[in-house]
Amino acid sequence: MIPQRVKQEDERLARERAKLARDGPKLKGAKLEARLERTWRRPPGILGWLATVDHKEIGRRYIVTALIFLALGGALAAVMRLQLAVPDNNLVGAQRYNELFTMHGSTMMFLFAVPVMEGVAVFIIPLMLGTRSTAFPRLNAFSYYMYVFGGLLLWGAFALNIGPDVGWFAYTPLSGPQFSPGKRADVWAQMITFTEVSALAAAVVLVCTILKTRAPGMTLARMPLFAWAMLVVAVMIIFSMPAVALCSSMLISDRLIGTNFYNAYEHGDALLWQHLFWFFGHPEVYIIFLPATGFVSVITETFCRRPIFAYPVVVLALISTGILAFGLWVHHMFATGLPRVGYSFYTSASMTVAIPTALQIFCWLATMWDGRPRLQVPMLYVIGFIVIFVIGGLTGVIIASVPLDLELHDTYFIVAHFHYVLIGGAVFPLLGILTYWFPKITGRMMSETLGKIGFWMLFLGFQLAFFPMHFAGLLGMPRRVYTYPAGLGLELPNLLSTVGAFVVASAVVLFVINGLFSLYRGTIAPQNPWGATSLEWATASPPPPYNFAHIPVVESRTPLWDAKGELPVVTGLRVDEKEILLTTVVAAAPDLREPVPEPSLWPLIAAIAVGVLFVSSIFSPWAVVFGAIPAAIATAAWFWPKELKRHPEPVIS
Amino acid sequence: MSIQHYQSIFGNAATETRQFNTLFVIFLVVCAIMYLAVIAFLILGLVRRRRSDAANTVEEGRHHDSNPRMQAGLIGWAAVVGTGLVALAIASFVADRSMAVAAAHEKLSITVTANQWWWDVQYNAADNSKMVRTANEIHLPVGVPVHIYLKSNDVIHSFWVPSLAGKQDLIPGRENDITITPRKLGIYRGQCAEFCGAEHAKMALVVDVDSYSDFIKWWRHQLEEAAPPATPLAKAGYAFVTSRNCGACHAIAGTPASGTVGPDLTHLASRRTLAASMPMGEGNLYGWVADPQSIKPGTRMPTIGLEPDQLHAVVAYLETLK
Amino acid sequence: MSSPWRVSLVAIGLAALALAGCNREERHSRSKPIGETVPAGTSPDTIWPGGTVAQTADPRARLYDNNAPAIAAGQQLYTQMNCVGCHSHGGGGMGPALMDDQWRYGGRIDQIATTIAEGRPNGMPSWRSKLTEDQIWKLAAYVRSLSGQPSKDAVASRAESMSSTTPQTLTPREPAHTSDTAAQ
């Protein structure tokens, strides 16, 4: 029996619920937009800026911060190339050079490549999926702050002349307590902890957003390929990052309190580090590459004026690449003396992973064949990607073979290989997609002329910088050397690489100038300047804080191209409280209305507390105990339910 | 003396690298064919003439259609790529196995222990009086398979002489090994190929492949003790070297100096390189003994701060250690 | 102060901080020539007649005492020069223990360096002619870490070898008592 009092309360709440304002057939147009704007905009001022949970703001911050780190890492590379321009050079000493390449690799891999992909995804995925917010927006904010603090830790240490000098993968026992005295290697290991926590948080946000917040009708089979790529990448992050967190924490433990994880003389193993690191490290490079394949799919689709050929094949290629990537890591360890028969398995696996990528490439090329390609700047970057990345992939097939790798491992041939796949395979699509989504992010178009000049400078400069490195490796130049002797034939390849490096640097500077110039003087962008088909182009450029006035309904893989006239929409979400529509995982049938949290400073405060915990645990093990207290308090405050009285509908404050 | 340093992977001077070259060419050819196929497809897709209504684009309302032969193309492409990769994997495996088979029947055994940043080379022998210890240099007889045991005293290094064989890591706590069968006379240079700290770039080694009789001559000479000094300057140098700092770390057979921390100096002056990075010569000896920290900062050998006459004496003595 | 001044002062302060580096991490690979470890006329311990406790700290103490690369180099030298033969890994044997709080000849770094350079009665050899001053001071820095004297962020927790002591980052700090308590 329900008590009378409760029944009356229920009826009162039901009456109140009926009076709530919702976006709907009656409330639409400018009036709706004004009310949504009021609800969804964040508080003004510095505190509001710090407390934001708007995925577009967080995504922009990620991208800007990552591009700053790209510039910093590139500056280091320029100094390295100057040192290597001539043999027996003394521009930079051995110790400083070792710090330079450690910082260059760590910055590019941990502070640029993965965060920029996350940032672009965080910005565009909710728009592409037709929703108003990511899942867990405060976790999203926390992830950005953890990333920034990790970057500040690493670069702050470098500026204070205590930067790491053990290489970006810090093999033990060189990075162990005896051979890396001081705190340099601890700073590196703790930076890993920051960026890994950040990446895990962003991955959780992306998985939940992609699986639960898609527009009604956007079944998994109709989801844009970029969203598929980010789904696979986010799952890969969740499975791979813990390995690197574990090995870096074990390294800190060895260095801080004398455990013996990597001490061969006390039944530890120096190779344990390599296994754990590369179990993360190999999926890491696919975590960087797969979003770029998503970019390529997006650009190719728009600029060839048709959807990608064989969509199911591309999806299966993404998924199988993601799975296979976890079975390759020993190809980084072919020289360590592990059993030879085991190596053959990794050779085969490394070659197998080329097959899904080769199929993706076929599908893109088939799309170009079938469509009518428009050679604007983003498409140029896609073509550059194909030309460069495939070379890198094929040199990868070469070094997958054990006898060949035993000669080529740890030489400049490998440096050439990974720059071809990382710059060709990730940076080219990234610059293309930044040009493509620049109007959506900022409301203005980038300059097409400057873009074309920048593309050609980058393409030709890249070839000049990195193609000769194949020869340097074949002539016997190992990696991570601060100088080389004259008389081995290494002078010419190194000089060419140095010249090319500066051309590449100029191209990147030109891209940034183009971006800054266009930000203030670029042509104002219409809603859909490229005539594209996915949902982010169904709203203004830049989008209002609430993304869409009404949640769109999707009936095909190419919604904007197939909608006759206006897009169909669903109505009924509240306008005076923030909420999004959750849909079912596979069929995207409307399921629940989920309240969205208000802007909050607790993610920042929690990030500061956790950051203090991590940084002070570099110096003392007690920090783990005492630092956990503020972190626990901040997290508890973050999750504390605000009010217990019954609302007509639940809210999250 | 003028030295030919030869560090190319295509040096083709041993059985192991001969197979490398063949395999590399096979891979290069297959990969080049695949690359050209991709580029041809790309270019054709971009430049082919399309009749004004022929493309399957959204403007023409046919964006959901595709060329009927494209699916067959996809399957064909997958088959070609798959077959190519399988062929390459089999070629790689066959080459690997044949290199391993060739690595049987070793006649000579060497232990190389890597330190930061020099190579400790020891020729193993059943009888201790026949063991030769030297540093940063290996002499090998042509045509004889040699088994090299690889150990490390500190961090991970990598033994790599490109013209002779692929690399193998030296990992503390593990004993790895590599077999080399040199086939061409000559001098080959190698370098440490795993980042091992500050002076990783200056950890080279030289492999001298001699005829069998020359090798035996060299080996017999290495077994001899250091000749006593003849000139007064060399005698003064001998006095300093055996009674002061040098003997704490270095060993010279036939003298009281018997430290094992640093390289063996018994036949220092007959080696081709000094400090794993410089050609052997009087000037370099002066520079190294006077101030090793300015040549290889961070190296374990300290700058002793010799007086000029001490320096002259020490170098004069070291030059007698042929 | 007006706002531009304050901003530039902060910037200068940060730049100075940045250029200062950190003494813990400084690598000193160049050493001074062998010579007197101790200036003639004063001995930093009170065992020998005429000895006084040095009024000013030896300037080299600052370079080596809490310097992580120096302590790490000292750790390697300790094994390579066979200090283990008499002192074990700090527990002592033929020679006195180095990880306790008893220092016959003083536990300051310059006093330990003098001990190593000069030798001492009852078996401590003189290393002055065998090791450079730089090496001796590095050994002295490491010896101090066996009793937990340096700050814990400068010591290495363990060596890459069989475990023989408590990890030095967890070694409790022993007070450095000299035999002559009046002097300290």
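Since we're looking at a predicted model, the values are computed, not measured. In what follows, every chain begins at residue 1, and chains take the letters A, B, ... in the order their sequences are listed. Just so you know, these numbers use all the heavy atoms, side chains as well, and skip hydrogens, waters and symmetry mates.
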Within 6.0 angstrom of Arg479(A) CZ, more than 12 heavy atoms from elsewhere: yes
Is it the case that more than 12 heavy atoms not belonging to Asn122(C) sit under 6.0 Å from its CG atom? no
Just give me the residue among Gly182(A), Ser180(A), Pro173(A), Pro177(A) that pairs up with chain C most often, heavy atom to heavy atom, under 4.5 Å. Pro177(A)
Is there a donor-acceptor contact under 3.5 Å from the side chain of Glu266(A) to the main chain of Met162(C)? no
Donor-acceptor pair, side chain of Arg255(A) and main chain of Ala156(C), under 3.5 angstrom: no
Please tell me if the side chains of Phe179(A) and Gln76(C) come closer than 4.5 Å, counting only heavy atoms from C-beta onward. yes
Residue pair Ile257(A) / Thr169(C): nearest heavy atoms and the distance that separates them: CA-OG1, 3.8 Å
Of Ala159(C), Ala68(C), Ser157(C), Ala154(C), the largest count of non-hydrogen pairs under 4.5 angstrom with chain A goes to Ser157(C)
Output the option from Pro167(C), Ala72(C), Ser161(C) having the highest count of non-hydrogen pairs under 4.5 Å with chain A. Ser161(C)
Does any backbone or side-chain atom of Leu256(A) lie under 4.5 Å from a heavy atom of chain C? Answer side chain, backbone, both or neither. backbone
Using 0.5 Å steps for rounding, measure from the OG atom of Ser164(C) to the OH atom of Tyr265(A). 13.0 Å
Exactly one of Thr172(A), Asn263(A), Asp254(A), Asn260(A) should register a side chain to side chain contact (heavy atoms under 4.5 Å, CB included) with Glu160(C). Which one does? Asn263(A)
